[in-house]
Amino acid sequence: MARNITPREKDYSQWYLDVIKAAEMADYAPVRGCMVIRPTGYAIWESIQSQLDERFKETGHVNAYFPLLIPNSFLEKEAKHVEGFSPECAVVTYAGGEELEEPLVVRPTSETVIGHMYSKWVQSWRDLPILINQWCNVVRWEKRPRLFLRTSEFLWQEGHTAHATREEAMEETLRMLEVYRSFMEEVLALPVIVGEKSEGERFPGAENTYTCEAMMTDKRALQAGTSHFLGQNFSRAFDIRFQNKEGELEYAWTTSWGASTRLIGAIVMTHSDNDGLVLPPNVAPVKVVVIPISPDQSRLQDKILPEAKNILERLKKALGRDQVILDTQFHMRPGDRFFYHLQRGIPLRLELGEAELASSRLRAVRRDTTEVINISLDAVDREVPKLLDDIQGNLLERARTFREQNTYQVNSFEEFKEALNEKGGFIKACFAGTPEDERAIKEATTATIRCFLLDDSTERTCFYTKKQGGRMAVFAKAY
RNA sequence: CGGGGCGUAGCGCAGUUUGGUCAGCGCGCCUGGUUCGGGACCAGGAGGUCGGAGGUUCAAAUCCUCUCGCCCCGACCA
């Protein structure tokens, strides 16, 4: 058991911080609310970035870059947008040695600048759709920051598209929601519930917001990615108009969608344990570590190390160059070296010592189950990828089971409160109330509507108002 | 922004009530040795203007005032 990590059941948020610290993923920056993403953490982000980017490209998107600073007046063009974001905006008023004529907002998101540019780029229906994504940082001033989950500056990706028809834009919104869902499940081993946000939780300026909601191991919900159908709100505000085939001027229909470094927090809170970080193989920057061991330095150098290098090369061919590393920290004792990689979440550890050399077998230890498997040396190229797949599958299954076991369905407010207080987790209930009802529920229980389920067509009685025609909602305490 | 806690070595803390032999402990770090398959042990060593600024006093980590920052719980959020 790790001695530098507070047990999860004792203090969840301390455990979370300890895991991040032990894995050296991040550190606090001198400015409150800001964080430094250290190489181990950043490598995870790069892994997320490259794999998501590939999926964006596959669905026809291209990358571009829009500026960090946005004229304050841009934000003000969309009433709800400015209302939603102004409390958390950082504003530059002084630059170049003098007061600026117009304050510049450090982007909290880029709908406005991008809307401005799109209005210049779009004239004809032939210019549509525009399918652009950008990878960047944004600033949203936070009162209560938490590493990866809520920091004043964070890294993310924001897709912004413009379309000729409402249908096309809606299709895009849902397509990207699905890209997020499949990425989260297949790569991050993060089972998510997709759905539609309630009016109160909607993106400021959106007509509709769709979300991927995940359950952390403390049974709280985490919004892991969102996709917004913006209707014509931003194209009206920024005059994105095009001439259709009939020669008439029409406003374009836009969407936006984003996922952030918060996903790293989600990985930590979904898979890690009291020994530290656990990474699903598909997102792990390093999937396998080979650890040559021997108390005898000359045996180590002459016999064991060469064999370890041989295995390393074979695994590099089987898995990819950077996916496997050789541990040569010979000044450390084996236990220390095991812990070093354990706490960094490397999915599979391969030990090679005297015993293995003698038996022509490797000792493989799974990070997810601590299970030990002996692999014959000739079979590593075959067995290791299989094991990694198995680990990936196990982590997803484990998370899914946990979520299912902590999801309850209720029919009355009494049951709702009881389930929430005694069990926690996700609570499914049919809801037909107003935003005021939602607020009242939140005040009474601190739980909020995470989303309305998309595939729900049956109309039932609302658990709260007893009105007919409600939709199935998932409630939870959220991050 | 409200409520609570806390700033002393890289990290975690004791010391503050009762001002003076209080510059200390554990971990980590460095050196040497013995060890070595889930976090070793012994010996020696480096490291701090006690968050900052004023003040009280012969004397301040300790008392007073102001200030900065952090953590936890609430309202706001990817």
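Keep in mind the model is a prediction, meaning the values are calculated, not measured. Each chain gets a letter, A, B and so on, in the order its sequence line appears, and its residues count up from 1.
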Residue A/Gln301 excluded, over 12 heavy atoms near CD under 6.0 Å:
yes
On RNA chain B, nearest-nucleotide positions of A/Leu155 versus A/Ile5: which is more 5'?
A/Ile5
Regarding A/Thr151, tell me which of base, sugar-phosphate or nothing describes its non-hydrogen contacts under 4.0 Å with the strands shown.
base
Mind checking whether A/His61 and A/Phe56 have parallel, tilted or perpendicular rings, split at 30° and 60°?
perpendicular
Do you know which of A/Phe74, A/Phe234, A/Phe238 makes ring-ring contact (aromatic ring centres under 6.0 Å, His included) with A/His116?
A/Phe74
A/Thr370, nearest nucleotide to its side chain (from B/rG37, B/rC73, B/rG38):
B/rG38
Out of B/rC76, B/rA78, B/rG39, which nucleotide sits closest to the side chain of A/Arg262?
B/rA78
Measure CG/A/Leu147 against C1'/B/rC71 and give the value in whole Å, please.
12 Å
May I ask you to say whether A/Arg175 pairs ionically with A/Glu171, meaning some side-chain N is under 4.0 Å from a carboxylate O?
yes
Evaluate whether the aromatic ring of A/Phe338 and the six-membered ring of the B/rG38 base sit under 5.5 Å apart, centre to centre, with an inclination under 30°.
no
Determine whether the aromatic ring of A/Phe154 stacks with the base of B/rA78, defined as ring centroids separated by less than 5.5 Å and ring planes inclined by less than 30°.
yes
With a non-hydrogen cut-off below 4.0 angstrom, is A/Val365 in contact with a base, only sugar-phosphate, or nothing?
base
Heavy atoms under 4.0 Å, any strand shown: does A/Arg439 hit a base, just sugar-phosphate, or nothing?
nothing
Sugar-phosphate, base or nothing in reach of A/Glu351, heavy atoms under 4.0 Å
base
